[in-house]
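Take a look at the structure set out below.
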Number of protein chains: 2
Amino acid sequence: MDEKQWIMEIIGQTDKEYKITDKQARILEVAIQEFADKGYSNTSTSEIASKAGVAEGTIFRHYKTKKELLLAIVTPTLTKGIAPIIERTCVKDIFNKEYESFEDFLRFLLNNRYQFLRSRAPIMKILLQEAAFHDEINADLKRLFTNRVYQEFTKIIAHFQDKGQLKIFPTDTVIRLMLTSIVGFLVTRFIILPGYKWDDAVEVENTVAFIMSGLKA
Amino acid sequence: MDEKQWIMEIIGQTDKEYKITDKQARILEVAIQEFADKGYSNTSTSEIASKAGVAEGTIFRHYKTKKELLLAIVTPTLTKGIAPIIERTCVKDIFNKEYESFEDFLRFLLNNRYQFLRSRAPIMKILLQEAAFHDEINADLKRLFTNRVYQEFTKIIAHFQDKGQLKIFPTDTVIRLMLTSIVGFLVTRFIILPGYKWDDAVEVENTVAFIMSGLKA
DNA sequence: CTTAAAAATGAGTGAGTACTCACACTATAA
DNA sequence: TTATAGTGTGAGTACTCACTCATTTTTAAG
């Protein structure tokens with residue numbers, strides 16, 4: 001259920017029954033695997049086809065081009081993944097005063113993103129790699145960041161600065177330092193050194209403590 | 001002089017006169033540009049040749065394969081860049097007691113790496129992108145990190161923990177938090193948002209302060 | 001069963017790829 | 001001048017790539 005949750009995001013329907021053949025699922029599975037391992041450009045459609053036990057033409061029945069296959073894999077994790085969860089789950093709760101302290105918010109955010117990435121590390125690797133070269137991905141990424149993440153974070157930081165919990169620092173700098181530590185942790189954990197023996201709970205706690213020391217009033 | 005310092009690193013000789021033709025220099029220049037802009041796999045040798053105003057055969061006169069050209073570009077920045085400066089400049093000075101405080105060391109390190117990357121951002125982008133897929137690069141990176149950076153940092157941290165300046169945290173965690181903030185700053189500054197209007201001196205100072213808050217005893 | 005639509009096939013296509021090689025040019029030194 | 005070695009050339013080669021399409025197989029409803 002949890003392991004293949006991404007496939008539902010890619011298909012686009014969670015509840016309704018949606019036609020998806022075994023072969024289509026295998027194409028996606030193999031494509032994600034290979035794109036993450038060897039890179040989009042170094043993976044041929046014929047290779048995806050043979051490893052998925054499918055004819056090459058079958059890929060192009062479902063996806064007009066190879067790039068469309070890439071975007072089908074990457075876009076849901078980008079849009080349904082990054083933006084809404086931060087907005088709805090976190091921000092709403094914060095202003096509903098579920099979180100009394102910035103530290104609680106930070107802890108929730110880090111755990112939440114950790115859980116999200118656990119089952120999507122390969123897709124995220126593809127996303128980070130290819131964002132550099134495909135304008136479609138890059139534009140989406142920048143738009144989502146500035147319209148959602150950045151705006152919401154600005155509000156949250158102002159909120160907790162007003163409550164006297166945070167240093168009065170330039171907002172951009174606070175966001176940079178905070179995201180750098182969070183993203184740095186997640187990227188190190190899931191992409192650079194996924195094999196290292198982490199005690200994840202401890203690392204999360206240390207990271208929260210580290211960020212808080214630098215930002216609290 | 002400073003802008004094309006990388007070419008000396010690539011040729012391998014700083015002092016001695018070393019034969020390098022105009023065309024060879026143009027090949028390197030164009031290759032770096034294109035690899036950084038569009039990625040190694042998406043850049044063809046014929047394209048490099050035409051943009052450098054050179055016949056395609058000329059590239060293969062100097063570099064047996066396309067990959068050899070990539071490694072020629074990337075290896076010097078990896079070896080002559082990352083490892084020795086940290087080792088010689090920083091570590092030596094630290095144990096010569098030029099740095100009384102961890103904060104001074106941190107400030108020096110950040111400024112030093114900042115200067116280093118300023119003229120090598122495109123090469124560093126290529127390095128980070130391609131390290132994921134080329135074992136030659138990846139192996140070098142891991143070897144240099146564990147044998148140099150990691151070992152030296154371990155000593156330095158122990159040194160300042162003994163002096164009572166640093167929290168007694170697990171060394172691995174301290175290194176992770178510290179490097180995450182440093183690398184995060186440099187990558188954001190030079191690769192993700194090079195066009196953003198940074199006040200670099202201020203950002204360096206804030207980053208040093210942020211790291212120190214989280215690590216000092 | 002019949003039948004029609006949907007899914008799947010895989011040989012085929014043309015464009016593009018990294019790389020080669022026989023030849024030409026140029027510079028230096030005898 | 002001639003000899004030699006390094007540099008440069010670009011048409012040519014074998015191959016791989018993403019993508020097509022006429023055909024076959026599978027699915028599902030009547």
Report task. Figure out the CD1/P separation between B/Ile48 and C/dT17, and round it to whole Å. Result -> 11 Å
Query raised in the report: Does a side-chain N or O from A/Thr21 land closer than 4.0 Å to OP1 or OP2 of C/dA7, or not?
Result: no
Requested in this report: In whole angstrom, give the distance that lies between atom CG of B/Asn42 and atom C1' of D/dC17.
Outcome: 13 Å
Report summary line: Of the listed D/dC17, C/dC19, D/dT9, the closest approach to the B/Ala55 side chain comes from D/dT9
Query raised in the report: Can you tell me if A/Lys125 uses its side chain to pair, donor with acceptor, with the backbone of A/Ala36 under 3.5 Å?
Result: yes
Query raised in the report: Do B/Phe108 and B/Phe105 have ring centres separated by under 6.0 Å?
Result: no
Report task. Measure from OH on B/Tyr40 to P on C/dT17 and round the result to the nearest Å. Result -> 13 Å
Query raised in the report: For C/dA8, does either OP1 or OP2 sit under 4.0 Å from a side-chain N or O belonging to A/His62?
Result: yes
**Report entry** Residue B/Thr45, side-chain atoms from C-beta onward, closest of D/dG10, D/dC17, C/dA18
**Finding:** C/dA18
Requested in this report: Could you tell me whether A/Ser41 contacts a base, only the sugar-phosphate backbone, or nothing, with contacts defined as non-hydrogen atoms closer than 4.0 Å?
Outcome: nothing
Query - Between P of C/dA18 and CD1 of B/Ile27, the distance in whole Å - result: 14 Å
Query raised in the report: Just how far, in rounded Å, is P of C/dT17 from CD1 of B/Ile59?
Result: 12 Å
Query - Upstream residue (5' side of DNA chain D) when A/Glu47 and A/Arg61 are each assigned their closest nucleotide - result: A/Glu47
Requested in this report: Check whether any side-chain heavy atom of A/Asp172 lies under 4.5 Å from a side-chain heavy atom of A/Tyr150, and answer yes or no.
Outcome: yes
Report summary line: Between CD of B/Glu34 and C1' of C/dT17 the distance, given in whole Å, is 16 Å
**Report entry** Among C/dC19, C/dA8, D/dG8, the nucleotide that comes nearest once only the side chain of B/Lys23 is considered
**Finding:** D/dG8
**Report entry** Nearest-Å distance for atom pair NZ/C1', residues A/Lys64 and D/dA18
**Finding:** 16 Å
Query raised in the report: Which one, D/dC19, C/dG10, C/dA18, comes nearest to the side chain of A/Phe60?
Result: D/dC19
Query - Any donor-acceptor N or O pair under 3.5 Å, side chains B/Glu56, B/Ser46 - result: no
Query raised in the report: D/dT7 phosphate, OP1 or OP2: any side-chain N/O from B/Thr58 under 4.0 angstrom?
Result: no
Query raised in the report: Base, sugar-phosphate, or nothing: which does A/Ser50 touch, judged by heavy atoms less than 4.0 Å apart?
Result: nothing
Query raised in the report: Centres of the A/Phe190 and A/Phe185 rings: under 6.0 Å?
Result: no
**Report entry** Nucleotide C/dT9, atom P - distance to CD of A/Glu56 in whole Å
**Finding:** 12 Å
